[in-house]
Amino acid sequence: MQNIPFLSLAAQHDLIRDELEQGFRKVIDGRRFILGEEVTSFEREFAAYCGVKYCVSVGNGFDALYISLKALGVGAGDEVIVPALTCAPTWMAVSMTGAMPVGVDVDARSFNINVNQIENAITKKTKAIVPVNLYGRPAALKEITAIAEARKIFIVEDNAQAQGAHLDGKKTGTFGNINATSFYPTKNLGALGDAGAITTNDTDLARKASALRNYGSSKRFANEEIGINSRLDELQASVLRIKLRHLDQWNHERNLLAARYRVGLENVSEISIPADPRNGRCVDHLFVICCMKRDQLRSYLGKQGVETDIHYPVPPHLQEAYIPLGHKMGSFPVTEKICNSILSLPLWPGMTLENVDYIVDSLQKFFTRKEL
Ligand SMILES: *Cc1c(COP(=O)(O)O)cnc(C)c1O
């Protein structure tokens, strides 16, 4: 029997251990620990990687979303469109500005926001749309851009799960007026703690975001507006600079593992897998399958030594925190059905094709074994 954890960063870290330790020493011996040279270098390098003019690093992905929305002037009385299938921070960043998150159901094939339902959700109060590139798979960003331009609303991409993905030759996280990403340790590009970033081509928005992360100050002891403290530290920036150099290779490994899963599961009719977008490249942040017997399958895999997870078992609109919005079961039927049937399988750089084959074998056994 193989024991396969849902996620392990050990292989990644072994590969770059010496570089990381060298980086730590440099920071220890340096003079600045917050917003210093490592941070400035990382911002320059990540902007170049994404193909945007500006990167403003922040403390985490939630703050990246919150500050992006604040930079656009989103606040009380505004509405912001968000996909129903996402994790809570996408909705909560909107709520924290004082605006209302307006959910839109996802597409049953792509699992990303259903562009045909966005128009219906737009009102006079709608200020922005926050598309999420879920599981490393680009949302229909071209169609969303067309809607946003026609209706004069902003786009803030939530690219927390898709660093390195692209659509029509353009990296995700660059389609919005201003875009947010997270470097939470489990993301495709992860720090050794909390970290996040904002990317934009808009000089004014970059300047605003940069002030908002530091008490609304762009000049020492001058506060132009009310801001928060969400600064990246030198240690995390040092880690991110090193890992950024490996991101394409690690994403490539993710693609190979996902392709192996796809081939292996092709003939398992009980399992369905979200469809890839045309003209796009996914970065397989998670490998998610749908199966009506999800809970039995999960416990069977557990007994075979295969650890799994669910992203997400309860969507934001059914969370206790969002009871005041008045949603109920049935508000977003596609999302709810997905949440009841999805299962995330192990997928991480360093995992082997033999691991995938073992998991595929176990899945096939589950469906062909005699019902007990
Ligand atoms: C991880 C994640 C966030 C939040 O990022 P943190 O760094 O944990 O605050 C937001 N949106 C999505 C889609 C995420 O996956």
Side-chain angles (χ1 to χ4, degrees), residues 6-7 9 42 46 55-70 80-97 101 103-104 106 110-113 128-139 141 144 155-165 172-173 175-176 178-199 209 213 228-233 236-237 239-240 243 251 254 274 282-288 309-317 319 321-322 335 338-339 342 344 347-348:
F6 178 66
L7 172 72
L9 300 177
F42 172 68
F46 191 66
C55 165
V56 177
S57 62
V58 293
N60 55 66
F62 173 88
D63 287 351
L65 284 165
Y66 171 78
I67 291 172
S68 295
L69 292 163
K70 290 293 277 187
V80 175
I81 292 174
V82 288
L85 181 62
T86 183
C87 52
T90 313
W91 285 49
M92 290 205 172
V94 173
S95 302
M96 285 302 285
T97 68
V104 166
V106 294
S110 73
F111 289 26
N112 275 319
I113 192 164
I129 305 180
V130 183
V132 177
N133 302 307
L134 197 69
Y135 309 150
R137 315 174 51 268
L141 295 166
I144 294 167
I155 297 178
V156 178
E157 254 180 274
D158 180 342
N159 199 41
Q161 305 192 355
Q163 295 106 1
T172 60
F175 284 78
I178 182 165
N179 312 284
T181 196
S182 161
F183 306 122
Y184 185 78
T186 63
K187 311 289 189 194
N188 289 38
L189 178 60
L192 291 179
D194 274 317
I198 292 162
T199 46
R213 72 172 169 185
I228 61 172
N229 172 358
S230 184
R231 301 173 299 218
L232 192 64
D233 65 74
Q236 298 306 339
V239 170
L240 288 167
K243 287 198 176 185
N251 280 340
R254 287 176 183 275
C282 303
V283 287
D284 298 295
H285 171 59
L286 294 171
F287 193 84
V288 173
D309 207 339
I310 299 171
H311 301 89
Y312 300 89
V314 180
H317 74 280
Q319 295 289 351
Y322 281 115
T335 294
I338 289 173
C339 290
I342 40 171
S344 308
L347 192 155
W348 31 273

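In what follows, residues are counted from 1 in the order of the sequence shown. Note that the coordinates shown come from a computational prediction; the quantities given were computed from them, not determined experimentally. Atoms within a ligand are numbered from 1 in the order they appear, just like the ligands themselves.
For the pair Gln236 and Asp194, the tightest heavy-atom approach, listed with the atom from each and the gap, is CG-O, 4.0 Å. When all heavy atoms of Ala162 and Asn133 are compared, the closest pair comes out as CB-CB, 3.7 Å.
A heavy-atom distance below 4.5 Å is found between the side chains of Tyr135 and Leu85.
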Check each N or O atom of ligand 1 against all protein N or O atoms and list the pairs under 3.5 Å, with atom names and distances to 0.1 Å, one per line.
| unit_1 | atom_1 | unit_2 | atom_2 | d |
| --- | --- | --- | --- | --- |
| ligand 1 | 5 (O) | Ser182 | OG | 3.2 |
| ligand 1 | 7 (O) | Gly61 | N | 2.8 |
| ligand 1 | 7 (O) | Ser182 | OG | 2.7 |
| ligand 1 | 9 (O) | Gly61 | N | 3.3 |
| ligand 1 | 9 (O) | Phe62 | N | 2.9 |
| ligand 1 | 11 (N) | Asp158 | OD1 | 3.3 |
| ligand 1 | 11 (N) | Asp158 | OD2 | 2.8 |
| ligand 1 | 15 (O) | Gln161 | NE2 | 2.9 |
| ligand 1 | 15 (O) | Lys187 | NZ | 2.6 |

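Within the model, atoms CZ of Phe183 and CG of Leu240 stand 5.5 Å from one another, a figure rounded to the nearest 0.5 Å. In this structure, CG in Leu232 is found 11.5 Å from CG in Asp63, a value given to the nearest 0.5 Å.
Side chains of Ser95 and Tyr322: a donor on one and an acceptor on the other come within 3.5 Å.
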